[in-house]
Amino acid sequence: MRGMKSFCAALLATSVIAFAAPSAMAASIAVIGGKNDDAFWNLIKKGVDDARLVVQANGGKVNYLRLQTYDNFAPDVVQLIQTAISQKVDGLVIPNWVPEGEDPAIKEAVAAGIKVILMNAGGIEKARELGAINYVGSDEYLAGVAGGEYFFKQGKKNVLCVNTIPGAANLEARCKGVIDGITKAGGAGKQLPLPATSFGDATAVAEAIKATLLQDAKIDGLITLSAGDADSAAIGVQQAGKTQTTLLGTFDLNQSGLGRIKDGTQGFAIDQQPYLQSLVAVTLLASSIDFGTELPTKPVLTGPGIVDKSNIEATLAGVSKGAR
């Protein structure tokens, strides 16, 4: 973490200098992200907005293109990539959520001379395959493994991974990592795939979790792939009467989840620091376009980090400052 702080300090110092420097190219950058009502992607938006100040200071611009729904996921993402290409942007920051759908469109963007950074989903190998210049985010599989191992260390042996957007590569990697992590440690794990329409539907998610816990009494650990789904899961676990015996974890943070960690009704959260993902990705891309800079660190990893009762107070202090 100290290394990341040093890196960010250097990045911000460079950004300050950039405010006074004339632009070589004045980068036009498009960033593709999730829905307006998805709390995680609103943290990404804050990073985009802060990075935009640096880009605009050099005469450039940043356009944040957001999905309107997750019901037609892959085709809608591809359409946003096509929109960015049609806008003749210089740079594109994009999660590689659905490789089979997105890869041809991303390659088309690269072929059109657009510099690409993968953010949040994809990884460095996929970035190299597609011709992107870097990947900024967490390694989703390794984050999942860390979660699976954490469950086992807490004495949990049978973990359920709840996936409300099955088929999304980053979320599948998270679940696979959790299952592999708990299995290699000596426990067992399985995935509960739910229809994509259940994302954001607290009642549907809670009911599905409640039913599963009542059907399988061996489940003693449950993890969701987003903080919003953890809110729904907490209701489902409570309704099933399993709050005391089922350790609840999640990927990503929100205020209600942090409150549950503090009061002991949720065990932990796996943080990937989304604010840093977009702040770093957009700033690095603009610097590469405007000034020809290159970063030897590939990939730039922003997680995972486990948040539990041992560090909840420090995490809440970060939240109060808008950084977590």
Side-chain angles (χ1 to χ4, degrees), residues 32-35 38 40-41 44 67 69-78 81 94-106 118-130 132 135-151 158-185 187-201 204-205 208-209 212 219 221-230 232-233 249-252 269-272 274 277 299 301-304:
I32 292 176
K35 292 168 51 180
D38 187 331
F40 176 88
W41 286 94
I44 292 280
L67 290 166
T69 177
Y70 293 149
D71 296 344
N72 196 37
F73 196 74
D76 286 351
V77 176
V78 171
I81 299 172
I94 182 169
N96 190 239
W97 286 305
V98 189
E100 61 271 22
E102 293 181 55
D103 285 6
I106 293 174
L118 298 187
M119 174 193 71
N120 178 258
I124 190 60
E125 293 305 321
K126 176 59 72 171
R128 289 169 177 149
E129 174 190 332
L130 297 175
Y135 168 74
V136 179
S138 179
D139 184 308
E140 304 292 12
Y141 176 77
L142 293 180
V145 170
E149 293 173 344
Y150 185 89
F151 275 113
N158 290 278
V159 175
L160 181 70
C161 184
V162 182
N163 189 350
T164 53
I165 311 181
N170 59 323
L171 302 187
E172 295 289 348
R174 287 180 172 184
C175 267
K176 186 177 188 310
V178 169
I179 294 167
D180 286 354
I182 186 72
T183 301
K184 290 176 182 177
K190 63 181 180 181
Q191 181 178 162
L192 175 64
L194 299 178
T197 52
S198 66
F199 183 90
D201 186 337
V205 175
I209 290 171
T212 304
I219 296 172
L222 185 148
I223 188 166
T224 63
L225 302 184
S226 74
D229 282 339
S232 306
T250 187
F251 288 81
D252 305 324
I270 302 173
D271 187 20
Q272 61 174 299
Q277 290 180 9
L301 296 181
T302 61

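All values below were derived from every heavy atom in this structure, side-chain atoms included, with hydrogens, water molecules and symmetry-related copies excluded.
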*CG on Asp180 to CD on Glu149, rounded to 0.5 Å*: 10.5 Å

_Closest heavy-atom pair and its distance - Pro166, Pro193_ = CG-CB, 3.9 Å

_Geometric cation-pi criterion, Lys35 with Tyr70: 6.0 Å, 45°_ = yes

_Stepwise side chain to side chain contact (heavy atoms under 4.5 Å, CB included) test for Glu140 and Leu142_ = CA-CA 6 Å; Glu140 304 292 12; Leu142 293 180; over 6 Å; no

_Regarding Thr302 and Gln272, do their side chains bring together a donor and an acceptor under 3.5 Å, going by distance alone?_
no

*asked:* For a 4.5 angstrom cut-off between non-hydrogen side-chain atoms, does Val98 reach Val77?
replied: no

*So do the side chains of Asn120 and Trp97 get within less than 4.5 Å of each other, counting heavy atoms only?*
yes

*Tell me yes or no: between the side chains of Thr164 and Asp229, is some donor less than 3.5 Å from an acceptor?*
yes

*asked:* Quiz question: by atom type and distance under 3.5 Å, do the side chains of Asn170 and Asn96 form a donor-acceptor pair?
replied: no

*Any idea which heavy atoms bring Asp252 and Arg174 closest together, and the distance?*
OD2-NH1, 3.5 Å

*Do Thr69 and Asp76 come close enough that some side-chain heavy atom pair is under 4.5 Å?*
yes

*Side chains of Val136 and Pro299 in contact at under 4.5 Å (non-hydrogen atoms)*: no

_Do Glu129 and Asp103 make a side-chain contact, defined as non-hydrogen atoms from C-beta onward lying under 4.5 Å apart?_
yes

*Point-to-point distance, once rounded to the nearest 0.5 Å, from CD of Gln191 to CG of Leu171*: 9.0 Å

*Of all the heavy-atom pairs spanning Ile124 and Tyr135, show the shortest one and how long it is.*
N-CB, 3.8 Å

*Using a 4.5 Å cut-off on heavy atoms from C-beta on, say whether the side chain of Ile179 contacts that of Val159.*
no

*Taking all heavy atoms of Lys126 and all of Pro99, pick out the closest pair and write down the distance.*
NZ-CB, 4.0 Å

*Does any non-hydrogen side-chain atom of Leu192 lie less than 4.5 Å from one of Asn163?*
no

*What distance do Ile94 atom CD1 and Ile32 atom CD1 have between them, rounded to the nearest 0.5 Å?*
3.5 Å

*Is Pro274 close to Trp41 at the side-chain level, that is, under 4.5 Å between some pair of heavy atoms?*
no

*Show the numbers, then the answer: is there a side chain to side chain contact (heavy atoms under 4.5 Å, CB included) between Thr197 and Asp201?*
CA-CA 8 Å; Thr197 52; Asp201 186 337; over 6 Å; no

*What's the spacing between Leu222 CG and Ile209 CD1 if we round to 0.5 Å?*
5.0 Å

*Cys161 and Leu225: side chain to side chain contact (heavy atoms under 4.5 Å, CB included), yes or no, with the steps?*
CA-CA 8 Å; Cys161 184; Leu225 302 184; 3.7 Å; yes

*Looking at CD1 of Ile182 and OH of Tyr150, how far apart are the two atoms once the value is rounded to the nearest 0.5 Å?*
12.5 Å

*Measure across Leu194 and Ala208 and return the closest heavy-atom pair with its distance rounded to 0.1 Å.*
CD2-CB, 3.7 Å

*Identify the two heavy atoms, one from Ala132 and one from Leu118, that lie closest to each other, and give their separation to 0.1 Å.*
CB-CG, 4.2 Å

*Checking side chain to side chain contact (heavy atoms under 4.5 Å, CB included) for the pair Val178/Phe251: CA distance, chi angles, key distance, verdict?*
CA-CA 11 Å; Val178 169; Phe251 288 81; 4.1 Å; yes

*For the atom pair OG (Ser138) and CD (Gln277), what is the distance rounded to the nearest 0.5 Å?*
7.0 Å

